[in-house]
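Below is one structure, written out as structure tokens; comments come after it.
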Number of protein chains: 2
Amino acid sequence: MLAAMPRLASSPASDTATRALDVAETLVQQMGFNWFSYADIAEALGIRKASLHHHFPSKADLGRALLVRYRDRFDVELKRIHALPIDAHGKLLRYVGLYEAVLRGDRLCLCGMLAAEYASLPEPMQEEIRSFFDLNRKWLASVIREGRRSLLFHTRDTPESASFTLLGALEGAMLVARPYGDVARFAESAAQVLESLKTRPGSKGSR
Amino acid sequence: MLAAMPRLASSPASDTATRALDVAETLVQQMGFNWFSYADIAEALGIRKASLHHHFPSKADLGRALLVRYRDRFDVELKRIHALPIDAHGKLLRYVGLYEAVLRGDRLCLCGMLAAEYASLPEPMQEEIRSFFDLNRKWLASVIREGRRSLLFHTRDTPESASFTLLGALEGAMLVARPYGDVARFAESAAQVLESLKTRPGSKGSR
DNA sequence: GTCTATAGGCAGATAGAC
DNA sequence: GTCTATCTGCCTATAGAC
């Protein structure tokens, strides 16, 4: 109470910057990066646009900070899930839960939204988006590998390939579910995709 | 050569309007609806912004026209595929080919892009986006039903539910593939998802 | 249908006082 | 760190001549 909170290495640069990122994150996830403006954030925070430029000189800086923070938080969650004493299917269920919580807040995954706007974004942001997807694909591949070792999953495809499909299916299910405001549909799709990892490569397949 | 081209009921209102829609469509699919402006289209067409407003009074009008045309064209393609003398799996392969062609042009599905920006769009556009997805889900469900009748597909889920999952998986695979500029990854994902329709509901599954 | 001209507003960004 | 003031440029949209 007497002294200022000690500033940990991982803590944000300032309270205003953090609150600005919070507001911006929601705006991007709901409306897109090209829609919102400094004025929207300034109004929400009760400060002036010029003050925001002190924390984030350009909109590209703000966007990059947004992505770095989002990825770091996701990384923490992923590590947390991986450490849980549950099987691979349970871990994927938790992973899906992360997405479902976002959708329930009428948002898209930050990187799903920014992947759509990808071509219009500054290069430093593009790099961070790929980095987010890389992180997720790597994590998913390792869980899929774990599920195979324990004979829970039986996919014919490589874990790398399956992880890409899974990531795309979840991002896409969110994307298509939102116009209908229907979280249940997303959950159903997610369950179907997870289930398809369990099925044995039965019939010969195509050809 | 002597007379003006006869104006069919389904033909565009004017050549300028059509060319404007062509340019706008590409811009939206690559950069998003909130990124492009009348100036971009006017420049590409070699006319003035004010002339564009003659054809599309507001940007919302342009957006709606874009969606109506896109859906109508998709509808034609879907009917064409359905009439082909090939099995359900072959029809889905053709359907995937539609998406792949779009991605190859460094674009996203128009409605995939607009679904991301959904919350920021005027209501008439939102309605058209849902309509596009409805059209696709209905078509996919009917093909899945056909594949089941012929014992090609063996999904446990309802065709309605599976069609939503399939649509989401394809839209999402496009979304995630684009930052990597990797059409092959999309094709691989699409093949995996189609394959999962064929697998038998083997093991007991969850619970 | 296309043009010039312009309105009226908002965008991202900077300078410099406090 | 926050403010006022301001710049420059672009945005959507309209009026009215040709």
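Below, read A as the first sequence line, B as the second, and so on, with proteins coming before strands; counting in each chain starts at 1.
With a 6.0 Å cutoff to the six-membered ring centre and a 45° limit on the axis angle, A:K138 does not count as a cation-pi contact of A:F133. Geometrically, B:K59 engages B:F33 in a cation-pi contact defined by less than 6.0 Å to the ring centre and at most 45° from the axis.
If you check C:dT2, C:dC3, C:dA11 against the side chain of A:K49, the one that comes closest is C:dA11. Considering only side-chain atoms of B:T16, the nucleotide from C:dC3, C:dT2, C:dG12 that sits closest is C:dT2. The side chain of B:I47 lies closest to C:dC3, out of C:dA13, C:dC3, D:dT2. Comparing C:dA13, D:dA13, C:dT2 by their nearest atom to the side chain of B:S51 picks out C:dT2.
B:F56 comes within 4.0 angstrom of no nucleic acid atom, judged by non-hydrogen atoms across all strands.
D:dC10 atom P lies 15 Å from atom CE of B:M31, rounded to whole Å. With rounding to whole Å, B:H54 atom NE2 is found 15 Å from D:dA17 atom C1'. Look at CD1 on A:I41: it is 15 Å from C1' on C:dC10, rounded to the nearest Å. Summarising the geometry, the separation between NE2 on A:H53 and C1' on D:dG1 is reported as 15 Å, rounded to the nearest angstrom. Note: CG (A:L62) to P (C:dG12) measures 10 Å, nearest angstrom. Rounded to whole Å, atom C1' of D:dG1 lies 13 Å from atom CZ of A:R19. To the nearest angstrom, P of C:dG12 lies 12 Å from CG of A:L27. As a whole-Å value, the separation of A:R48 CZ from C:dT14 C1' is 17 Å.
Side-chain contact of A:S58 with A:D61: a donor-acceptor pair under 3.5 Å is present, judged by distance alone. No side-chain donor-acceptor contact under 3.5 Å links B:S196 and A:S196. Residues A:Y118 and A:R130 have side chains that bring a donor and an acceptor to within less than 3.5 angstrom of each other.
For the pair B:S37 and D:dC10, the criterion of a side-chain N or O lying under 4.0 Å from OP1 or OP2 is not met.
Residues A:A50 and A:A39 each lie close to DNA chain C; by heavy-atom proximity, the contact nearer the 5' end of the strand is made by A:A39.
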